2 protein chains.
Amino acid sequence: MDKQRDDTIASRISRALAERIISGALTPGERLRQDHIAEEFGASHVPVREAFRLLEAQGLAVSEPRRGFRVAAFDLKEVREVAEMRAVLEVLALRHAIPHLTAAILDRAEAATVAADTSRDVRSWEAANRAFHRLILEPCGMPRLLVSIDDLHAASARFLFSAWRSSWEARTDHDHRAILAALREGRGDEAAKILERHVGWIGRTPVKTAAGEMREAFLIVG
Amino acid sequence: MDKQRDDTIASRISRALAERIISGALTPGERLRQDHIAEEFGASHVPVREAFRLLEAQGLAVSEPRRGFRVAAFDLKEVREVAEMRAVLEVLALRHAIPHLTAAILDRAEAATVAADTSRDVRSWEAANRAFHRLILEPCGMPRLLVSIDDLHAASARFLFSAWRSSWEARTDHDHRAILAALREGRGDEAAKILERHVGWIGRTPVKTAAGEMREAFLIVG
DNA sequence: AAAAACTAAATTATAGATAATTTTCTGCCG
DNA sequence: CGGCAGAAAATTATCTATAATTTAGTTTTT
């Protein structure tokens with residue numbers, strides 16, 4: 001097929017595995033066996049090990065010396081940690097992005113919000129949500145910060161998919177709209193404040209299961 | 001000598017190279033030639049490549065597909081970015097650490113401050129400064145956050161060493177003392193505020209060179 | 001049935017080979 | 001004399017094969 005990609009085999013394997021970890025196809029704590037994965041991708045173990053290191057850097061895998069790599073576990077404590085880091089880093093990015101935001105960017109962010117509200121499954125909601133955040137933060141022009149935020153989004157998405165594997169219902173995202181309204185009207189501080197609360201909010205919430213029962217679930221807002 | 005370390009060859013090479021990059025022995029933009037480094041460490045190229053990936057994760061090296069790895073460049077813009085990320089992340093860590101701070105920890109942090117004030121060279125000042133920050137932040141119990149902060153400290157140190165290679169004079173660090181005083185008296189918010197300004201502050205300042213001339217230099221406070 | 005010993009599997013590392021690509025050198029030509 | 005083209009050298013990224021070490025699992029022994 002397309003062998004002439006600009007990137008290396010290691011990064012291609014890394015992306016493929018990241019997808020599986022985030023989607024939940026590879027479960028937390030599962031071992032990543034280099035020879036099996038090498039065979040599956042028709043590669044040798046060298047690029048596979050490099051791919052593992054890339055995943056480790058994103059916090060999706062952990063290395064235990066002489067015992068190989070496993071898919072990173074995650075508990076509620078870690079999810080909270082990720083959410084709080086996202087909150088402060090996204091606020092920082094937004095403050096730097098504000099002077100460079102244009103009406104065109106805000107229009108595209110609004111389109112992403114509409115796409116999120118009308119999505120039929122978690123996957124597309126997550127993609128639209130991520131697009132919204134990316135759009136309003138990217139103009140900050142701080143590459144290292146944006147990479148960190150991306151990695152934290154990946155960790156959030158993992159949790160999201162594990163919590164909402166089957167049942168899912170899109171809700172209108174009032175926070176996104178409030179952030180956009182504030183940005184359009186030049187109330188930057190308020191936009192930052194809403195974003196901080198929006199991203200940092202994690203808690204228990206009652207959820208109706210497919211069977212019609214109510215149960216408690218953890219929820220990341222966005 | 002000591003072959004029976006608990007860690008892998010890759011991580012040992014990575015630490016050794018990190019040391020050189022931070023200290024400035026390897027200059028920004030310099031190429032990292034895997035075969036040369038493999039030979040120097042008496043290893044093969046596989047662990048060397050893994051070491052490069054580890055450095056990449058810390059932001060000390062960058063990979064250009066088919067062109068190998070180079071020491072990460074850094075300009076003033078990036079230094080500012082690192083300082084601002086450190087400011088918000090350290091404040092977050094401090095807020096979580098405060099409930100777990102003990103008098104014993106604060107005493108050790110004070111000792112680190114004294115050590116910084118009396119250091120005779122940049123290296124020991126940096127080590128003492130880093131120890132101060134580590135001590136008051138570690139009790140936050142957020143491992144991912146602490147790793148991020150450590151990586152940012154490494155990037156700061158690089159800049160520090162490049163700016164102050166020859167002349168150096170220790171100054172009394174009033175910010176550290178003010179932070180400690182606020183923490184001891186239970187004024188957590190004020191401690192966080194000082195820390196944020198302390199870490200985030202970067203600017204030009206007049207510096208007296210060894211030759212007695214005045215010139216402008218960039219400065220990270222700590 | 002618990003402890004010890006053996007076995008199997010996997011990770012970590014080495015070595016050498018190869019294709020592709022980049023860098024460097026060199027010499028020719030305008 | 002400077003710049004471009006092409007040749008030569010170096011380097012990366014990969015594979016294959018293999019050894020050493022460690023973990024994990026199974027069997028044997030007491």
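The analysis underlying the following values was restricted to heavy atoms, covering all of them including side chains, and did not include hydrogens, waters or symmetry mates. Labels below follow one simple rule: chain letters A, B, ... track the order of the sequence lines, proteins then strands, and each chain is numbered from 1. Bear in mind the structure is a predicted one, so any value in this text is a computation, not a measurement.
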**Request:** Could you tell me whether A:Glu19 and A:Arg123 make a salt bridge, using a distance below 4.0 angstrom between a side-chain N and a carboxylate O?
**Result:** yes

**Asked** Which residues pass the side-chain hydrogen bond (donor to acceptor under 3.5 Å, both in side chains) test with A:Glu84, sequence neighbours left out?
**Response** B:His96

**Asked** If only atom types and distance count, is the side chain of A:Ser119 paired as donor or acceptor with the main-chain N or O of A:Ala115 below 3.5 Å?
**Response** yes

**Request:** Starting at CG of A:Leu152, measure out to CD of A:Glu81 and round the result to the nearest 0.5 Å.
**Result:** 9.5 Å

Using a cutoff of under 3.5 Å, can you pull out all pairs of nitrogen or oxygen atoms linking the protein to nucleotides 12-15 of chain D, with atom names and distances?
unit_1: D:dT12; atom_1: OP1; unit_2: B:Leu32; atom_2: O; d: 3.4
unit_1: D:dA13; atom_1: OP1; unit_2: B:Arg66; atom_2: N; d: 3.0
unit_1: D:dA13; atom_1: OP2; unit_2: B:Arg49; atom_2: NH1; d: 2.5
unit_1: D:dA13; atom_1: OP2; unit_2: B:Arg49; atom_2: NH2; d: 3.1
unit_1: D:dT14; atom_1: OP1; unit_2: A:Thr8; atom_2: OG1; d: 2.9
unit_1: D:dT14; atom_1: OP1; unit_2: A:Ile9; atom_2: N; d: 2.7
unit_1: D:dT14; atom_1: OP2; unit_2: A:Thr8; atom_2: OG1; d: 3.1
unit_1: D:dT14; atom_1: O4; unit_2: B:His45; atom_2: NE2; d: 3.1
unit_1: D:dC15; atom_1: OP1; unit_2: A:Ser44; atom_2: N; d: 3.3
unit_1: D:dC15; atom_1: OP2; unit_2: A:Ser44; atom_2: N; d: 2.9
unit_1: D:dC15; atom_1: OP2; unit_2: A:Ser44; atom_2: OG; d: 2.6

**SB check B:Glu50 B:Arg53 (cutoff 4.0 Å)** = no

